[in-house]
Amino acid sequence: MLNYLWAGMIAVGILWGAFHGNLAAVTNGALEAAKEAVTLCLTMLGIMSFWCGILKIGEKSGLISVLTEKMKPVIRFLFPNLPEDHPAASFLSTNMIANVLGLGWAATPAGLKAMEELEKLEEQRRKSVGIPKGTANDEMCTFLIVNISSLQLIPINMIAYRSQYGSTAPAAIVGPALAATAVSTLAGILFCKIMTRQRKFPK
């Protein structure tokens with residue numbers, strides 16, 4: 001669906017430029033945008049490599065394990081139905097830590113692993129309770145919402161984008177981003193708790 005959307009916008013842009021006699025400007029704009037995209041990718045690649053390296057050092061040094069242990073109360077609060085010491089807990093913690101530090105790229109692999117483990121847990125419940133196949137459980141929905149809202153202490157991506165496009169104070173986004181993501185995360189958690197309670201105790 002997304003491919004059709006992008007293709008449609010490109011086609012509309014080309015047709016609009018041709019209709020108004022600005023097809024040359026459209027061509028030049030496409031070439032300039034392609035050049036700018038490559039430059040931005042190279043910039044982001046360096047930043048991504050640096051912070052993913054920092055996260056890997058944290059894993060090797062045991063820092064991630066310590067933080068995961070400290071996050072057990074948070075995991076227990078967000079995912080009360082998750083069994084104690086379930087493999088998903090470690091992946092959930094790693095994903096949330098990476099997101100808080102603004103390392104979205106590093107958070108993705110852990111997030112996928114967490115979803116796989118939660119799916120295995122759902123398979124076990126499905127066999128015992130008879131839940132229809134393809135139904136997402138409360139843990140999966142909660143994780144998805146928390147991952148999307150994602151509290152961020154350091155919005156690395158936005159700082160890099162602002163720096164790339166000539167901002168005089170690229171780090172000025174830290175305060176507003178922290179406030180916005182804190183509100184979105186709290187709203188997401190509140191929504192998950194309300195919906196979970198409604199499913200358990202329907203009117």
Side-chain angles (χ1 to χ4, degrees), residues 48 50-159 174-202:
M48 178 186 70
F50 174 75
W51 283 104
C52 285
I54 293 294
L55 187 63
K56 185 60 69 175
I57 291 172
E59 290 178 359
K60 295 292 185 181
S61 65
L63 178 61
I64 298 297
S65 299
V66 172
L67 292 175
T68 299
E69 189 68 24
K70 297 290 185 184
M71 284 189 64
K72 275 190 174 181
V74 177
I75 298 297
R76 198 174 298 116
F77 171 73
L78 292 175
F79 311 98
N81 297 326
L82 192 68
E84 190 73 20
D85 296 325
H86 192 273
S90 175
F91 296 120
L92 290 169
S93 300
T94 303
N95 176 270
M96 292 170 68
I97 291 168
N99 273 326
V100 166
L101 296 176
L103 308 177
W105 306 287
T108 301
L112 294 175
K113 286 288 187 181
M115 276 295 188
E116 288 179 5
E117 293 297 332
L118 292 175
E119 176 61 24
K120 291 177 184 177
L121 182 63
E122 184 60 22
E123 283 290 339
Q124 297 172 3
R125 292 177 182 170
R126 187 178 296 129
K127 291 177 182 178
S128 60
V129 182
I131 301 173
K133 190 174 182 179
T135 302
N137 57 28
D138 291 337
E139 289 79 19
M140 296 168 76
C141 293
T142 300
F143 173 61
L144 184 62
I145 290 176
V146 170
N147 186 64
I148 292 172
S149 59
S150 184
L151 173 68
Q152 287 194 359
L153 297 179
I154 311 172
I156 301 296
N157 290 356
M158 290 304 300
I159 292 173
V174 172
L178 177 59
T181 54
V183 171
S184 65
T185 301
L186 288 174
I189 292 172
L190 182 61
F191 173 79
C192 290
K193 292 298 179 183
I194 291 173
M195 295 304 295
T196 301
R197 184 175 178 81
Q198 285 185 354
R199 286 180 62 180
K200 286 183 177 179
F201 307 102

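Values below: every heavy atom of this structure, side chains too, minus hydrogens, waters and symmetry copies.
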Closest non-hydrogen atoms of Cys192 and Ile145, given as atom of the first, atom of the second and distance, are SG-CD1, 3.5 Å
Hey, could you give me each pair passing side chain to side chain donor-acceptor pair (under 3.5 Å) that has a residue in residues 90-102? Not counting sequence neighbours. Asn95-Asn99, Asn95-Asn147, Asn99-Asn147
Where do Thr142 and Leu78 come nearest, in terms of heavy atoms and distance? CG2-O, 3.7 Å
Can you list every side chain to side chain donor-acceptor pair (under 3.5 Å) pair that touches residues 175-193, not counting sequence neighbours? none
Are Leu92 and Met71 close enough that some pair of their side-chain heavy atoms sits under 4.5 Å apart? no
So which atom in Ala114 and which in Ala88 form the shortest heavy-atom distance, rounded to 0.1 Å? O-CB, 4.3 Å
Might you point out which heavy atoms bring Ala110 and Phe91 nearest each other, and give the distance in Å? O-CB, 3.5 Å
Taking all non-hydrogen atoms of both residues into account, name the closest pair between Glu139 and Leu82 and its distance. OE2-N, 3.9 Å
Within 6.0 angstrom of Lys72 NZ, more than 12 heavy atoms from elsewhere: yes
With the side chain counted from C-beta on, respond yes when Met115 and Leu144 share a heavy-atom pair under 4.5 Å apart, and no when they do not. yes
Over all atoms of both residues, closest heavy-atom pair of Phe79 and Phe143: CE2-N, 3.6 Å
